[in-house]
Peer 1: 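Have a look at the structure that comes next, please.
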There are 2 protein chains.
Amino acid sequence: MFTGTEPGIGGDNVSEGSQEKAVLRGNAVIAQSGGPTNVINQSLVGAIREMVRAREIKGVLGARHGIRGILEEDFVDLRAENPRSLDRIAKTPSAALGSVRMKPTDDDCRKLFEICRKHDIRYFFYIGGNDSAETAHIVAEHAATEHYDMRTYHIPKTVDNDLRENDHTPGYGSAARFVALAFMGDQLDNRSLPGVKINIVMGRHAGFLTAASVLGQQRSDDGPHLVYLPERPFHIDRFVEDVKRVYNELGRCVAAVSEGIVDESGSPVYRFKNGEVDSHGNIELAGNGALGDFLARTIEQRLEPTVPNIRVRADTFGYLQRCFPEVVSSVDADEALQVAREAVRTAVSSDRPSGSIAIKRAGTAKAYAVTYTCVPLASVARETRCMPGEFITAEGNGVTDAFRDYATPLVGRLPRYGWLRGRSA
Amino acid sequence: MFTGTEPGIGGDNVSEGSQEKAVLRGNAVIAQSGGPTNVINQSLVGAIREMVRAREIKGVLGARHGIRGILEEDFVDLRAENPRSLDRIAKTPSAALGSVRMKPTDDDCRKLFEICRKHDIRYFFYIGGNDSAETAHIVAEHAATEHYDMRTYHIPKTVDNDLRENDHTPGYGSAARFVALAFMGDQLDNRSLPGVKINIVMGRHAGFLTAASVLGQQRSDDGPHLVYLPERPFHIDRFVEDVKRVYNELGRCVAAVSEGIVDESGSPVYRFKNGEVDSHGNIELAGNGALGDFLARTIEQRLEPTVPNIRVRADTFGYLQRCFPEVVSSVDADEALQVAREAVRTAVSSDRPSGSIAIKRAGTAKAYAVTYTCVPLASVARETRCMPGEFITAEGNGVTDAFRDYATPLVGRLPRYGWLRGRSA
């Protein structure tokens with residue numbers, strides 16, 4: 001058991017320079033939650049470095065697999081980690097502490113505060129998406145009710161980019177880079193062996209990742225030629241007509257389809273295992289091929305009478321989108337680090353018992369810049385943010401230049417591909 | 001129409017330095033065929049550069065979409081391409097000339113030689129796999145029958161790595177790099193959110209790509225924990241037992257499964273659209289999720305009674321494996337370039353009317369090196385090469401160190417990931 005009483009950990013003169021606020025001194029715990037990303041360990045390492053520097057914080061505990069690690073007292077002493085090892089961990093995909101999808105019950109919360117008291121935990125940092133913000137919010141509310149003095153801060157991450165209050169979220173830029181590169185390569189593949197290609201992209205309620213499929217386009221006839229988002233109802237007949245139109249014009253067609261597309265009534269067009277749900281009530285959609293296969297079969301059946309032997313294929317990008325080594329946006333990696341440092345700095349320097357650090361766009365269209373600001377946990381918890389209307393074309397099957405302007409700085413520099421200029425011989 | 005008679009193209013003094021052989025002078029045509037890869041354009045550009053230098057070769061034509069481009073006289077003047085543009089094309093995934101899956105009929109061949117005569121085509125280079133070698137072989141046989149003097153050379157490429165006579169083939173190293181990186185990230189993902197994860201990897205008859213899933217492993221319990229190859233019969237019951245054993249030991253399991261796995265009778269465990277075949281008679285397997293979904297469902301149903309709520313997911317990597325920008329093995333890129341240069345040099349300098357350039361391993365286990373050698377077209381055409389027995393474990397569900405030694409130099413340097421050393425607190 002880690003007690004945080006080892007000599008030499010934490011400074012003594014903690015009130016220096018912060019005379020006007022009550023100094024909260026104790027141990028800190030950090031955990032990771034929800035789907036892992038390519039840069040969630042940047043946040044972990046950024047927070048560790050800042051916690052180690054903070055005189056208010058004594059021991060720095062890592063809880064394995066989110067709040068489950070706290071409940072099971074499965075802690076790692078993060079001060080003991082080698083600094084060079086932390087450099088490498090920061091660049092490692094997925095959650096180094098392990099993750100979890102778990103919404104705490106009232107019983108869990110009671111047990112959690114027993115453990116916090118026992119370990120003198122006064123700082124709780126939770127890295128995750130809207131569900132993790134909800135967990136942090138529940139914990140913060142219980143802390144207030146129980147009059148347990150603890151700072152509870154949420155550090156944002158989600159490849160879906162669907163956190164409210166945020167211009168964008170750490171994890172999105174790198175996943176969007178994966179999607180942009182995948183479509184760049186795949187639409188070149190589709191030029192080589194023409195046909196209809198349908199790619200299913202992650203995104204439960206928000207189309208940001210699917211929209212990123214356009215970011216690698218260089219020529220006016222580059223795919224994806226069609227983009228279907230959860231924000232607009234999906235009509236199978238309209239889809240078939242769209243594909244037919246593009247195919248008749250170009251002799252090929254690449255479509256980007258969100259796994260979260262829904263019909264007019266808001267029901268998923270296809271769902272995994274007839275609607276398996278996690279403890280936050282989310283339907284599991286990713287990682288299966290049923291939607292792609294269904295769309296490909298439909299196109300094949302409906303186009304074959306007029307286009308015999310039409311080549312129709314579907315791929316479901318699945319989990320590769322979120323943890324692919326070396327496909328990392330440098331902007332995303334840096335922001336993931338900074339947002340976590342900001343969370344620790346705010347937790348130790350402000351009087352707010354809880355909050356989430358949100359990323360706001362500060363620069364101009366030409367010069368990208370962001371600021372970090374503390375917002376209430378309730379404002380990012382649970383509900384998700386969708387693509388704004390100005391990012392989606394009027395027809396509902398494509399994205400606008402406003403989206404390109406928004407997303408281009410987030411994915412890092414994309415490669416330029418070459419092609420034969422083709423003076424016919 | 002390109003006639004190859006423009007002044008300044010081709011040298012005059014072609015017999016210099018090659019007095020002992022009959023000089024064959026004329027135009028050259030090059031084309032790409034089969035599934036595109038990340039480095040097939042390295043071969044194209046390598047061949048173009050060498051053809052432009054060869055005094056025996058006058059015009060350099062690119063045929064669009066393989067032999068179909070020849071039959072339709074759809075040519076590009078490759079001498080007119082900008083050298084800097086060629087640099088970028090070499091690094092661009094997919095086939096810059098377009099590709100095709102087409103086995104020429106006797107009628108096609110007759111037409112082909114009419115066109116060759118008309119354009120004075122004396123050199124024919126075909127970049128592709130075993131089917132493309134078969135096409136080149138058919139063309140070469142017809143050329144002999146018709147007494148048409150033409151050099152027909154096959155330049156190897158295939159992500160499947162299944163060409164006979166070759167130690168390995170251009171395209172494999174980069175696709176294997178993709179698979180190795182994908183599993184590195186995905187098994188970290190699986191550590192974060194434990195469960196059973198099944199990934200379906202390309203490879204119609206040969207398991208080389210699926211086997212590459214192990215190359216990013218660093219820790220003894222890194223996934224994939226199980227590897228299923230087309231070279232060994234797949235038993236669903238044994239698969240379930242294997243997964244159960246690993247899951248009971250580690251609390252998670254990552255399996256790499258080839259899309260081409262077959263049962264005892266040699267029938268695919270699952271096939272696309274009930275056995276769609278191309279003109280070479282190949283069953284189309286890639287790009288659909290049915291096999292992965294079937295295996296995931298089976299594991300779920302069979303393990304759920306003893307492990308309630310077990311998390312089982314499947315991904316099918318699909319077409320992303322062969323054309324993902326920036327995921328390129330530098331060794332692979334270089335060899336793709338060299339093998340094409342060697343083909344052109346052999347075609348102009350030897351008296352052999354046809355051949356394929358094969359890559360042979362020349363170095364030691366410590367110092368990787370290769371040589372290029374010309375082999376008969378018939379020896380690489382049509383049939384495929386499988387994984388040698390020494391690369392597969394006795395249990396048939398894993399790969400050996402001999403495979404690791406073989407494949408490690410081919411994928412380029414893989415990143416090292418970091419992890420918490422985890423002194424428990």
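Quick note on labels: first sequence line is chain A, next is B, and so on, each numbered from 1. Nothing here was measured: the structure is a model prediction, and the numbers come from that model.
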Peer 1: Using a 4.5 angstrom heavy-atom cutoff, name the option from B:Asp189, B:Asn190, B:Ile89 with the most pairs to chain A.
Peer 2: B:Asp189
Peer 1: Under 6.0 Å from the CZ atom of A:Arg219, do we count more than 12 heavy atoms belonging to anything else shown?
Peer 2: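 More than 12 within 6.0 Å, yes.
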Peer 1: Just one of B:Arg416, B:Arg177, B:Arg413 clears the salt bridge (Lys or Arg N to Asp or Glu O under 4.0 Å) bar with A:Glu326, so which one?
Peer 2: B:Arg177
Peer 1: Where is the tightest heavy-atom contact between A:Pro415 and B:Pro325, given as atom of each residue plus distance?
Peer 2: CG-CB, 4.4 Å
Peer 1: Any idea which heavy atoms bring B:Gly318 and A:Asp315 closest together, and the distance?
Peer 2: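 Where B:Gly318 meets A:Asp315 most closely, the heavy atoms are CA-OD1, 3.2 Å.
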Peer 1: Do B:Tyr319 and A:Arg313 have side-chain N/O donor and acceptor atoms under 3.5 Å apart?
Peer 2: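 Short answer, yes.
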Peer 1: Evaluate side-chain contact (heavy atoms from CB on, under 4.5 Å) for B:Phe178 paired with A:Leu320, printing each intermediate quantity in order.
Peer 2: CA-CA 11 Å; B:Phe178 182 95; A:Leu320 298 194; 3.9 Å; yes
Peer 1: Tell me whether B:Asp293 contacts the main-chain N or O of A:Gly289 through its side chain, where contact means a donor paired with an acceptor under 3.5 Å.
Peer 2: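 Checking the backbone N and O of A:Gly289 against the side chain of B:Asp293, a donor-acceptor pair under 3.5 Å is found.
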Peer 1: Among the options A:Ala182, A:Pro93, A:Gly66, pick out the one with the most heavy-atom pairs lying under 4.5 Å from chain B.
Peer 2: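 Maximum pair count with chain B is reached by A:Ala182.
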Peer 1: Check each atom of B:Arg322 against the heavy atoms of chain A and say whether the ones under 4.5 Å are side chain, backbone, both or neither.
Peer 2: side chain
Peer 1: Measure the spacing between CZ of A:Arg191 and SG of B:Cys323 and express it to the nearest 0.5 Å.
Peer 2: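 Reported to 0.5 Å precision, the distance equals 13.0 Å.
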Peer 1: Go through the atoms of B:Phe183 and report whether side chain, backbone, both or neither lie under 4.5 Å from a heavy atom of chain A.
Peer 2: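 Nothing of B:Phe183, per the 4.5 Å heavy-atom cut-off to chain A.
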Peer 1: So for B:Arg68, is it side chain, backbone, both, or neither that comes closer than 4.5 Å to the heavy atoms of chain A?
Peer 2: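 Answer is neither: B:Arg68 stays 4.5 Å or more from chain A.
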Peer 1: Non-hydrogen atoms of chain A under 4.5 Å away: do they reach the side chain of B:Leu414, the backbone, both or neither?
Peer 2: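 No part of B:Leu414 comes within 4.5 Å of chain A.
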Peer 1: Could you label the plane-to-plane angle of the B:Phe324 and A:Phe324 rings as parallel, tilted or perpendicular, counting under 30° as parallel and over 60° as perpendicular?
Peer 2: parallel
Peer 1: Return yes if some donor-acceptor pair links the side-chain N/O of A:Ser192 with the main-chain N/O of B:Pro36 below 3.5 Å, else return no.
Peer 2: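 Between the backbone of B:Pro36 and the side chain of A:Ser192 there is no qualifying donor-acceptor contact (under 3.5 Å).
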Peer 1: Calculate, to the nearest 0.5 Å, the distance between atoms OG1 and CE belonging to A:Thr92 and B:Met184 respectively.
Peer 2: 8.5 Å
Peer 1: Go through A:Leu420, A:Leu188, A:Val327, A:Asn38 and name the one with the most non-hydrogen pairs under 4.5 angstrom from chain B.
Peer 2: A:Leu420
Peer 1: Nearest 0.5 Å, what's the CG-OG distance between A:Leu193 and B:Ser94?
Peer 2: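 It is 7.5 Å, given to the nearest 0.5 Å.
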